[in-house]
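One structure below.
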Amino acid sequence: MNEFQGLNVPLITIEQFLENGTGAVECDNIQGGCLAAEHLIAQGCRHLIHISGVHETAMPADERAAGFCEVCEQKNVQYQVVGTHAYEYKHLEYHEVLEQLLLQHPDTDGIFASSGLIAAQLLQWNCLCAQGRDRWFRAAPHFRCRW
């Protein structure tokens with residue numbers, strides 16, 4: 001917050017509360033997790049993974065996992081929640097994590113990513129897989145991006 005003092009401009013944060021009366025925009029993260037799981041299940045997915053936020057840092061978006069798990073359990077769908085680490089977050093690099101995760105879980109047919117960056121890197125990898133450049137594609141050719 002110190003770096004913003006003295007700027008004399010309004011400050012609104014997204015999913016972050018700062019001191020001194022700043023405004024914040026929040027969403028219903030639990031409902032977001034429910035909607036994500038319901039959508040993937042409606043698309044025919046039965047082996048889901050939620051890639052959540054950084055283990056070491058509590059964020060409001062972590063609540064998405066609760067809604068995601070609730071729906072998966074209600075619908076009797078297999079799922080896992082997998083966290084990332086501060087290193088990936090700091091370096092904006094998830095490709096290796098995604099590769100290891102999907103090689104360990106080749107039956108995965110749907111993924112709910114906790115951030116746009118993780119989703120974008122998953123899409124990049126999916127494109128490489130579609131071109132036959134990646135070993136996971138040969139192990140799990142059923143995986144496709146679903147909208």
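Residue numbers run from 1 in the order of the sequence given.
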Contacts of type side-chain hydrogen bond (donor to acceptor under 3.5 Å, both in side chains), residue Glu38, not counting sequence neighbours: none

Which residues share a side-chain hydrogen bond (donor to acceptor under 3.5 Å, both in side chains) with Gln121, sequence neighbours left out: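 For Gln121 the side-chain hydrogen bond (donor to acceptor under 3.5 Å, both in side chains) partners, ignoring immediate neighbours, are His95.
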
Atom [atom1] in [X], atom [atom2] in [Y]: separation rounded to 0.5 Å?
X     : Y      : atom1 : atom2 : value
Ile41 : Gln74  : CD1   : CD    : 9.0 Å
Ile30 : Asp62  : CD1   : CG    : 11.5 Å
His85 : Lys90  : NE2   : NZ    : 15.5 Å
Cys69 : Gln80  : SG    : CD    : 10.5 Å
Gln78 : His105 : CD    : NE2   : 11.0 Å
Leu92 : Ile118 : CG    : CD1   : 10.5 Å

Side-chain touch Val82/Val97, heavy atoms, less than 4.5 angstrom: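 No, side chains not in contact.
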
Exercise: identify the closest heavy-atom pair between Ser52 and Gly83: OG-CA, 3.4 Å

Shortest non-hydrogen contact between Asp107 and His47, atoms and distance: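 Between these two residues, the closest heavy atoms are O-CB, 3.2 Å.
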
Option from Ile51, Leu101, Leu98, Leu117 for which side chain to side chain contact (heavy atoms under 4.5 Å, CB included) with Leu122 holds: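 Filter result, single survivor: Leu98.
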
Joint hydrophobic cluster, Val77 plus Leu40, side-chain heavy atoms closer than 4.5 Å: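 The answer is yes; both residues are in one hydrophobic cluster.
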
Backbone of Cys45 reached by a side-chain donor or acceptor of Asp109 within 3.5 Å: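 Not a single qualifying donor-acceptor pair exists.
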
Residue list, ring pair (Phe, Tyr, Trp, His ring centres under 6.0 Å) with Phe112, at least two apart or on another chain: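 Counting only residues at least two positions away or on another chain, Phe112 forms a ring pair (Phe, Tyr, Trp, His ring centres under 6.0 Å) with His50, Phe68.
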
